[in-house]
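All chains are named by letter (A, B, ...) in the order of the sequence lines, taking the proteins before the strands, and each is independently numbered beginning at 1.
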Protein chains: 2
Amino acid sequence: MARPRSFDEAVVVDAAARCFTEVGYAATSVDDLVGATGLHRGSLYGAFGSKRGLFLAALARCAEPTGERALDLLLVAALELAPHDEEVRTAVERSCAALGGDASSSLGRRLLERARVRSDVPDSHHPRTRRS
Amino acid sequence: MARPRSFDEAVVVDAAARCFTEVGYAATSVDDLVGATGLHRGSLYGAFGSKRGLFLAALARCAEPTGERALDLLLVAALELAPHDEEVRTAVERSCAALGGDASSSLGRRLLERARVRSDVPDSHHPRTRRS
DNA sequence: GCCGTTCTTGACTGATCGGTCATCCATGAA
DNA sequence: TTCATGGATGACCGATCAGTCAAGAACGGC
């Protein structure tokens, strides 16, 4: 009994995740999320409680981080929220464990790739090394 | 001729950098910067033009990134601004070059350290490995 | 039909945002 | 002593922020 939800939670959370990864957590406004998800503020708050709640939902969906987007969300979580948010920190820890021992280098590589910074010497470890 | 500056620009920029690294760029308000630097808004804007200008000044001071704080500022720059800000991207690139070929792993390691995420298995690669 | 429950809608709030500006003040030159 | 210059001050601005809520709508049960 009661009115059913008119949206697919997974689709909404994915749209939100796209926002968060695009410009970061703090720079994403609830109006942005409203626009991206198609939901109205009330529904968004009814379903997720807060901007942070929606972010946590998105983060929970990359417990097994696969693909760039998941890695980007992990970056945002680790840099913007984890240092001052225990719950986010725990979620990040879990995702990193799933990434294996080289989590930090995967994240570092993706960080610079996302920033479009060319600094990772692609196939040699020393600038000195010459390749034909 | 004219009134001399009453503040040391280096000190002000360092104080600002501390803010930015503490909570990130977007989450740092100009009021925070006013509080941390001791300057008034007008002076801050007179000297640096904008919040972004102050950030750029801070970033320029870690062209040779030494220490955690410089690395943290680099992280913030790379994640929050570089993807959509050409000038920041260039500055990050320069600093990364100074970091050498393992810039991405240094940043990745520091990212998780700062987030207080224990995921870098310190002296074994597999969780299976037992330690006495 | 009617009711209880849950979801939807969007107007609304007070707080805070980055940035501006008129006014005042300290200085060195004349 | 007067003046031009540029820094200091803090009140002020419109825009935007995250979050709330009263009203209406869609359902299942009866």
I'd like to check B/Leu107 versus A/Leu112 (side-chain heavy atoms, cut-off strictly below 4.5 Å). Are they in contact?
yes
Looking for any heavy atom pair under 4.0 Å, which part of the strands does B/Ser43 touch: base, sugar-phosphate only, or nothing?
base
If I take atom CG in residue A/Leu44 and atom P in nucleotide D/dC21, what distance separates them, rounded to the nearest angstrom?
17 Å
How long is the line joining NE2 of A/His40 and C1' of D/dC21, in whole Å?
16 Å
For B/Gly46, report the nucleic acid contact type (base, sugar-phosphate, nothing); a contact means any heavy atom under 4.0 Å.
nothing
Answer yes or no: is there a side-chain heavy-atom contact under 4.5 Å between B/Val13 and B/Phe48?
yes
Starting at OH of A/Tyr45 and ending at P of C/dC12, how long is that distance when rounded to a whole Å?
18 Å
Per atom distances to the B/Ala2 side chain, the nearest of D/dG6, C/dG18, C/dT8 is D/dG6
B/Val30 has its side chain closest, among D/dG10, D/dC17, C/dG18, to C/dG18
I'd like to know if B/Arg5 reaches the base of D/dG6 with its side chain such that a donor and an acceptor end up less than 3.5 angstrom apart.
no
Donor-acceptor pair present, B/Arg3 side chain and D/dA8 base, under 3.5 Å:
no
Any donor and acceptor pair, going by atom type alone, linking the side chain of B/Glu93 with main-chain N or O of A/Arg118 inside 3.5 Å?
yes
Just how far, in rounded Å, is C1' of C/dC17 from CG of A/Asp31?
14 Å
Find the distance A/Lys51:NZ to D/dA18:P and express it as a whole number of Å.
4 Å
Heavy atoms from C-beta onward define the side chain here; which of D/dC17, C/dG18, D/dA8 lies closest to that of B/Ser6?
D/dA8
With nearest nucleotide decided by heavy atoms, which residue, B/Pro4 or B/Gly49, maps closer to the 5′ end of DNA chain C?
B/Gly49
Position toward the 5' end of DNA chain D (nearest nucleotide), A/Gly42 or A/Ser29
A/Ser29
Donor-acceptor contact present, side-chain A/Arg89 to main-chain B/Arg116, <3.5 Å
yes
Within 45° of the ring axis of A/Tyr25 and under 6.0 Å from its six-membered ring centre, is that where the NZ or CZ of A/Lys51 lies?
yes
Rounded to whole Å, how long is the line connecting atom CG of B/Asp32 with atom P of C/dT16?
11 Å
Starting at CG of A/Leu54 and ending at C1' of D/dG19, how long is that distance when rounded to a whole Å?
14 Å
Can you check the A/Phe7 CZ to C/dT9 C1' distance for me, whole Å?
13 Å
